[in-house]
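Just so it is clear: chains get the letters A, B, ... in the order the sequence lines come, proteins before strands, and each one is counted from 1.
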Amino acid sequence: MPELPEVQTVLDGVTEYLKDKEIRGLDCFYPGTVVKDPELAKNPFPARLNGHERRGKYMILHLSGETSLIIHLRMTGKLVQGEAMPGKSPHERACFLLSGGKKLHFIDIRTFGKIVLCKTANLGKFMPDLGIEPLSAGFTGEYLARLFAHRKTPVKNILMDQSKIAGLGNIYATEILYRSRIHPETPAGEISLPRLSKLAAETKAVLKQAIAMNGTSISDFRRVDDKSGGFQNFLQIYQKDTCPKGHEVKKIKQGGRGTFFCPVCQK
DNA sequence: CAATGATCCTGTCCGC
DNA sequence: TGCGGACAGGATCATT
(Lines give C-alpha, C1' and ligand atoms only; values in the text may rest on other atoms or scores of the structure.)
Protein backbone atom coordinates (compact mmCIF):
# COMPACT_ATOMS: atom_id res chain seq x y z
CA MET A 1 0.00 0.00 0.00
CA PRO A 2 1.47 3.31 -0.96
CA GLU A 3 2.53 5.38 2.04
CA LEU A 4 4.61 8.54 2.20
CA PRO A 5 7.80 7.17 0.57
CA GLU A 6 5.87 5.43 -2.20
CA VAL A 7 3.79 8.54 -2.88
CA GLN A 8 6.96 10.64 -3.00
CA THR A 9 8.51 8.14 -5.43
CA VAL A 10 5.47 8.22 -7.70
CA LEU A 11 5.24 12.01 -7.52
CA ASP A 12 8.90 12.40 -8.48
CA GLY A 13 8.35 10.07 -11.43
CA VAL A 14 5.15 11.74 -12.56
CA THR A 15 6.51 15.28 -12.45
CA GLU A 16 9.62 14.21 -14.37
CA TYR A 17 7.43 12.50 -16.96
CA LEU A 18 5.05 15.45 -17.31
CA LYS A 19 7.54 18.30 -17.28
CA ASP A 20 8.03 18.41 -21.06
CA LYS A 21 4.48 17.39 -21.96
CA GLU A 22 1.10 19.02 -22.24
CA ILE A 23 -1.94 17.44 -20.62
CA ARG A 24 -4.69 17.39 -23.22
CA GLY A 25 -7.34 15.33 -21.53
CA LEU A 26 -8.34 13.05 -18.69
CA ASP A 27 -10.49 10.02 -19.41
CA CYS A 28 -12.36 8.20 -16.65
CA PHE A 29 -13.31 4.56 -17.09
CA TYR A 30 -14.74 3.88 -13.66
CA PRO A 31 -17.49 5.99 -12.09
CA GLY A 32 -16.16 7.98 -9.18
CA THR A 33 -12.44 7.64 -9.87
CA VAL A 34 -12.24 11.13 -11.34
CA VAL A 35 -13.98 13.82 -9.29
CA LYS A 36 -14.56 17.20 -10.90
CA ASP A 37 -14.98 20.46 -9.07
CA PRO A 38 -18.40 21.83 -10.14
CA GLU A 39 -16.93 25.32 -10.15
CA LEU A 40 -14.30 24.33 -12.68
CA ALA A 41 -14.45 25.76 -16.17
CA LYS A 42 -15.80 23.22 -18.61
CA ASN A 43 -12.50 22.13 -20.11
CA PRO A 44 -9.27 22.95 -18.26
CA PHE A 45 -7.17 21.26 -20.93
CA PRO A 46 -4.75 21.66 -22.54
CA ALA A 47 -2.71 22.50 -19.47
CA ARG A 48 0.86 22.28 -18.26
CA LEU A 49 2.41 21.30 -14.97
CA ASN A 50 3.31 24.45 -13.05
CA GLY A 51 4.32 22.99 -9.70
CA HIS A 52 3.67 20.14 -7.32
CA GLU A 53 3.64 19.15 -3.70
CA ARG A 54 2.99 16.15 -1.50
CA ARG A 55 0.84 16.34 1.64
CA GLY A 56 0.82 13.07 3.53
CA LYS A 57 -0.20 10.44 1.02
CA TYR A 58 -1.77 13.01 -1.33
CA MET A 59 -0.12 14.24 -4.51
CA ILE A 60 -1.06 17.73 -5.63
CA LEU A 61 -0.24 18.86 -9.15
CA HIS A 62 -0.67 22.54 -9.96
CA LEU A 63 -1.60 23.11 -13.58
CA SER A 64 -1.74 26.17 -15.75
CA GLY A 65 -5.10 27.94 -15.79
CA GLU A 66 -5.55 28.01 -12.00
CA THR A 67 -6.39 24.32 -12.00
CA SER A 68 -5.03 21.60 -9.73
CA LEU A 69 -5.08 17.83 -9.53
CA ILE A 70 -5.24 15.86 -6.30
CA ILE A 71 -4.24 12.23 -6.73
CA HIS A 72 -4.61 9.61 -4.03
CA LEU A 73 -3.51 6.03 -4.75
CA ARG A 74 -5.26 4.63 -1.70
CA MET A 75 -4.40 0.91 -1.52
CA THR A 76 -3.86 -0.40 -5.00
CA GLY A 77 -3.58 2.69 -7.19
CA LYS A 78 -0.72 2.99 -9.64
CA LEU A 79 0.31 5.63 -12.15
CA VAL A 80 2.08 4.08 -15.10
CA GLN A 81 3.60 5.97 -18.00
CA GLY A 82 2.52 4.85 -21.45
CA GLU A 83 5.77 3.22 -22.56
CA ALA A 84 5.86 1.09 -19.43
CA MET A 85 2.45 -0.40 -20.13
CA PRO A 86 2.27 -1.97 -23.57
CA GLY A 87 -0.88 -4.05 -23.02
CA LYS A 88 -4.31 -3.05 -21.81
CA SER A 89 -4.98 -3.38 -18.12
CA PRO A 90 -8.47 -4.48 -17.08
CA HIS A 91 -7.95 -2.33 -13.99
CA GLU A 92 -7.31 0.96 -15.77
CA ARG A 93 -9.67 3.46 -14.11
CA ALA A 94 -8.49 6.67 -15.74
CA CYS A 95 -5.95 7.95 -18.23
CA PHE A 96 -4.21 11.26 -18.86
CA LEU A 97 -3.85 12.04 -22.55
CA LEU A 98 -0.58 13.83 -23.21
CA SER A 99 1.13 15.61 -26.06
CA GLY A 100 3.06 13.49 -28.52
CA GLY A 101 0.55 10.67 -28.20
CA LYS A 102 1.85 9.77 -24.73
CA LYS A 103 -0.34 8.60 -21.88
CA LEU A 104 -0.29 8.28 -18.11
CA HIS A 105 -2.46 5.41 -16.95
CA PHE A 106 -4.19 5.21 -13.58
CA ILE A 107 -4.43 1.53 -12.65
CA ASP A 108 -6.34 0.62 -9.51
CA ILE A 109 -7.53 -2.92 -8.78
CA ARG A 110 -9.71 -2.09 -5.81
CA THR A 111 -11.02 1.20 -7.20
CA PHE A 112 -10.49 3.18 -3.98
CA GLY A 113 -8.07 5.63 -5.56
CA LYS A 114 -9.21 9.11 -6.55
CA ILE A 115 -8.22 11.84 -8.96
CA VAL A 116 -9.71 15.24 -8.14
CA LEU A 117 -9.65 17.99 -10.73
CA CYS A 118 -10.43 21.35 -9.16
CA LYS A 119 -9.87 25.07 -9.19
CA THR A 120 -6.66 25.78 -7.33
CA ALA A 121 -8.58 28.20 -5.14
CA ASN A 122 -10.81 25.32 -4.05
CA LEU A 123 -8.03 22.91 -3.05
CA GLY A 124 -8.92 23.38 0.60
CA LYS A 125 -12.44 22.12 0.01
CA PHE A 126 -11.17 18.89 -1.49
CA MET A 127 -8.28 18.20 0.89
CA PRO A 128 -8.91 16.65 4.30
CA ASP A 129 -7.36 18.01 7.47
CA LEU A 130 -3.92 16.49 7.69
CA GLY A 131 -1.48 16.46 10.59
CA ILE A 132 2.20 17.29 10.71
CA GLU A 133 4.61 16.11 8.02
CA PRO A 134 6.88 13.59 9.73
CA LEU A 135 9.89 14.79 7.74
CA SER A 136 9.40 18.42 8.76
CA ALA A 137 11.65 20.14 11.29
CA GLY A 138 8.80 20.48 13.75
CA PHE A 139 8.35 16.72 14.05
CA THR A 140 10.26 16.07 17.27
CA GLY A 141 9.93 14.17 20.52
CA GLU A 142 8.55 17.31 22.13
CA TYR A 143 5.92 17.66 19.44
CA LEU A 144 4.87 14.04 19.92
CA ALA A 145 4.73 14.54 23.68
CA ARG A 146 2.19 17.33 23.18
CA LEU A 147 0.28 15.33 20.56
CA PHE A 148 0.15 12.20 22.70
CA ALA A 149 -0.49 13.87 26.07
CA HIS A 150 -3.23 12.14 28.10
CA ARG A 151 -4.11 9.88 25.17
CA LYS A 152 -4.83 6.27 25.97
CA THR A 153 -5.01 5.26 22.34
CA PRO A 154 -2.38 2.70 21.34
CA VAL A 155 0.61 4.49 19.87
CA LYS A 156 0.35 2.67 16.54
CA ASN A 157 -3.20 3.91 15.98
CA ILE A 158 -2.12 7.51 16.45
CA LEU A 159 0.87 7.08 14.16
CA MET A 160 -1.54 6.03 11.42
CA ASP A 161 -4.11 8.76 12.11
CA GLN A 162 -3.66 11.07 9.13
CA SER A 163 -5.23 14.01 10.93
CA LYS A 164 -2.42 13.79 13.53
CA ILE A 165 0.57 12.69 11.46
CA ALA A 166 0.33 12.69 7.68
CA GLY A 167 1.78 9.92 5.55
CA LEU A 168 2.42 6.91 7.76
CA GLY A 169 0.52 3.71 7.02
CA ASN A 170 0.59 0.19 8.32
CA ILE A 171 3.99 -0.87 7.02
CA TYR A 172 6.00 2.13 8.18
CA ALA A 173 4.19 2.52 11.50
CA THR A 174 4.99 -1.12 12.20
CA GLU A 175 8.64 -0.78 11.21
CA ILE A 176 9.15 2.47 13.07
CA LEU A 177 7.82 1.02 16.31
CA TYR A 178 10.09 -1.99 16.05
CA ARG A 179 13.14 0.18 15.46
CA SER A 180 12.12 2.40 18.36
CA ARG A 181 11.68 -0.67 20.60
CA ILE A 182 8.16 0.48 21.50
CA HIS A 183 5.30 -1.98 21.90
CA PRO A 184 2.55 -0.99 19.42
CA GLU A 185 -0.20 -1.24 22.05
CA THR A 186 1.46 1.16 24.47
CA PRO A 187 -0.95 3.96 25.43
CA ALA A 188 0.48 6.95 23.60
CA GLY A 189 0.36 9.26 26.60
CA GLU A 190 2.52 6.95 28.71
CA ILE A 191 5.64 7.06 26.58
CA SER A 192 8.55 9.04 28.05
CA LEU A 193 10.10 11.99 26.24
CA PRO A 194 13.42 10.24 25.52
CA ARG A 195 11.54 7.37 23.90
CA LEU A 196 9.39 9.79 21.89
CA SER A 197 12.57 11.51 20.68
CA LYS A 198 13.84 8.11 19.58
CA LEU A 199 10.49 7.49 17.86
CA ALA A 200 10.69 10.79 15.98
CA ALA A 201 14.28 10.13 14.92
CA GLU A 202 13.55 6.59 13.74
CA THR A 203 10.52 7.84 11.82
CA LYS A 204 12.66 10.27 9.84
CA ALA A 205 15.42 7.72 9.32
CA VAL A 206 13.08 5.02 8.03
CA LEU A 207 11.20 7.39 5.72
CA LYS A 208 14.38 8.91 4.32
CA GLN A 209 15.93 5.52 3.67
CA ALA A 210 12.73 4.26 2.04
CA ILE A 211 12.53 7.31 -0.23
CA ALA A 212 16.16 6.78 -1.20
CA MET A 213 15.26 3.20 -2.14
CA ASN A 214 12.22 4.31 -4.17
CA GLY A 215 9.74 2.92 -1.70
CA THR A 216 8.59 -0.52 -0.64
CA SER A 217 7.19 -2.94 -3.23
CA ILE A 218 4.92 -5.04 -1.06
CA SER A 219 1.83 -6.30 -2.84
CA ASP A 220 2.03 -4.55 -6.19
CA PHE A 221 3.55 -1.12 -5.71
CA ARG A 222 5.50 0.04 -8.75
CA ARG A 223 7.17 3.25 -9.81
CA VAL A 224 5.81 5.25 -12.71
CA ASP A 225 8.25 3.43 -14.99
CA ASP A 226 6.80 0.18 -13.57
CA LYS A 227 10.02 -0.75 -11.77
CA SER A 228 9.97 -1.98 -8.17
CA GLY A 229 11.14 -0.08 -5.14
CA GLY A 230 13.82 -1.57 -2.90
CA PHE A 231 12.88 -0.96 0.71
CA GLN A 232 11.09 -4.30 1.10
CA ASN A 233 14.57 -5.80 1.39
CA PHE A 234 15.17 -3.73 4.51
CA LEU A 235 11.97 -4.45 6.38
CA GLN A 236 12.83 -5.85 9.80
CA ILE A 237 9.46 -6.91 11.19
CA TYR A 238 6.57 -6.37 8.76
CA GLN A 239 5.29 -9.78 7.61
CA LYS A 240 8.29 -11.52 9.16
CA ASP A 241 8.28 -14.72 11.23
CA THR A 242 11.30 -13.72 13.29
CA CYS A 243 12.83 -10.36 14.16
CA PRO A 244 16.47 -9.57 13.21
CA LYS A 245 17.57 -10.86 16.61
CA GLY A 246 15.89 -14.20 16.02
CA HIS A 247 12.88 -13.79 18.33
CA GLU A 248 9.50 -15.02 17.23
CA VAL A 249 7.32 -12.24 15.82
CA LYS A 250 3.75 -11.87 17.07
CA LYS A 251 0.87 -10.73 14.90
CA ILE A 252 -2.13 -8.93 16.33
CA LYS A 253 -4.96 -6.76 15.04
CA GLN A 254 -5.20 -3.07 15.80
CA GLY A 255 -8.03 -1.04 14.38
CA GLY A 256 -8.71 -3.75 11.83
CA ARG A 257 -5.12 -3.81 10.60
CA GLY A 258 -2.39 -6.34 11.09
CA THR A 259 0.44 -5.36 13.41
CA PHE A 260 3.70 -7.30 13.64
CA PHE A 261 5.88 -6.87 16.69
CA CYS A 262 8.55 -8.59 18.75
CA PRO A 263 7.46 -9.17 22.36
CA VAL A 264 11.10 -9.41 23.44
CA CYS A 265 12.48 -6.30 21.74
CA GLN A 266 9.43 -4.03 22.06
CA LYS A 267 8.26 -2.99 25.52
C1' DC B 1 -13.67 15.64 21.30
C1' DA B 2 -12.27 10.71 21.14
C1' DA B 3 -12.97 6.17 19.87
C1' DT B 4 -15.25 2.51 17.39
C1' DG B 5 -17.50 0.19 13.54
C1' DA B 6 -19.37 -0.22 8.93
C1' DT B 7 -18.40 0.64 4.27
C1' DC B 8 -16.17 0.60 -0.20
C1' DC B 9 -13.83 -3.29 -3.60
C1' DT B 10 -11.51 -7.39 -5.67
C1' DG B 11 -7.53 -10.57 -5.87
C1' DT B 12 -5.71 -14.14 -3.12
C1' DC B 13 -5.71 -17.77 -0.06
C1' DC B 14 -7.72 -21.50 2.72
C1' DG B 15 -10.71 -25.35 3.77
C1' DC B 16 -13.87 -28.69 2.30
C1' DT C 1 -11.25 -29.09 -9.46
C1' DG C 2 -14.18 -25.76 -7.84
C1' DC C 3 -16.67 -23.15 -4.74
C1' DG C 4 -17.70 -20.16 -0.80
C1' DG C 5 -16.00 -17.40 2.60
C1' DA C 6 -12.51 -14.90 5.13
C1' DC C 7 -9.09 -11.57 4.63
C1' DA C 8 -6.53 -7.38 3.48
C1' DG C 9 -6.61 -2.41 4.13
C1' DG C 10 -6.85 3.74 3.83
C1' DA C 11 -10.05 6.91 4.43
C1' DT C 12 -14.75 8.48 5.26
C1' DC C 13 -18.93 8.68 7.54
C1' DA C 14 -22.13 7.57 11.23
C1' DT C 15 -22.65 6.30 15.87
C1' DT C 16 -21.69 5.90 20.72
- Message: Cation-pi check for A:F29 against A:R93: NZ or CZ below 6.0 Å from the six-membered ring centre and within 45 degrees of the axis, yes or no?
- Response: no

- Atom-pair distance (NZ on A:K253; C1' on B:dA3), nearest Å: 18 Å

- Look at A:Y238 and C:dG9 and indicate whether a side-chain polar atom (N or O) is within less than 4.0 Å of OP1 or OP2. yes

- Query: Given atom NZ of A:K114 and atom C1' of B:dT7, what is their separation to the nearest angstrom?
  - Reply: 12 Å

- Task: Mind calculating the distance between NE2 (A:H91) and C1' (B:dT10) to the nearest angstrom?
- Result: 8 Å

- Indicate, with a heavy-atom threshold strictly under 4.0 Å, whether A:G258 touches base, sugar-phosphate, or nothing. sugar-phosphate

- Task: Before giving the answer on salt bridge (charged side-chain N to carboxylate O under 4.0 Å, His left out), spell out for A:E190 and A:R151 the whole-Å C-alpha distance, their side-chain angles and the decisive distance to 0.1 Å.
- Result: CA-CA 8 Å; A:E190 292 179 7; A:R151 299 287 302 277; over 6 Å; no

- Can you tell me the distance, in whole Å, between the NZ atom of A:K164 and the P atom of B:dA2? 5 Å

- Task: Assign A:Q162 to base, sugar-phosphate, or nothing according to its heavy-atom contacts below 4.0 angstrom with the strands shown.
- Result: sugar-phosphate

- Query: Quick one: A:R74 CZ to C:dA8 C1', roughly how many Å, whole number?
  - Reply: 14 Å

- Note on the structure: Taking for A:R257 and for A:K152 the nucleotide of DNA chain B with the nearest heavy atom, the one nearer the 5' end belongs to A:K152

- Message: Tell me whether the rings of A:Y238 and A:F260 are parallel (<30°), tilted (30 to 60°) or perpendicular (>60°).
- Response: perpendicular

- Query: In terms of the nearest nucleotide of DNA chain B, which residue is placed more toward the 5' end: A:P154 or A:T111?
  - Reply: A:P154

- Message: Whether A:H72 contacts C:dA11 is assessed here as follows: a side-chain N or O lying under 4.0 Å from the phosphate OP1 or OP2. Is that the case?
- Response: yes

- What class does the angle between the rings of A:F234 and A:F231 fall in, given that below 30° is parallel, 30 to 60° is tilted and above 60° is perpendicular? parallel

- Proximity to the side chain of A:R151 - top-ranked nucleotide from C:dA8, B:dA3, C:dG10: B:dA3

- Choose from C:dA8, C:dA11, B:dC8 the nucleotide whose nearest atom is closest to any side-chain atom of A:F112. B:dC8

- Item | Any donor-acceptor N/O pair under 3.5 Å between C:dA8 base and A:R110 side chain | yes

- Message: Tell me the interatomic distance from A:D108, atom CG, to C:dA8, atom P, rounded to whole angstroms.
- Response: 20 Å

- Expressed in angstrom and rounded to an integer, what is the separation of A:D161 atom CG from B:dC1 atom P? 13 Å

- Think A:K251 has a side-chain N or O under 4.0 angstrom from the OP1 or OP2 of C:dA8? yes

- Message: With a 4.0 Å cutoff (strictly under), does any side-chain N or O of A:K57 reach OP1 or OP2 of C:dG10?
- Response: no

- Query: If you draw the axis of the six-membered ring of A:Y17, does the NZ or CZ of A:K21 fall within 45° of it and under 6.0 Å from the ring centre?
  - Reply: yes

- Under 4.0 Å between a side-chain N/O of A:H150 and OP1 or OP2 of B:dA2, yes or no? no

- Query: Rounded to the nearest Å, what distance is computed from the CG atom of residue A:L130 to the P atom of nucleotide C:dG10?
  - Reply: 15 Å

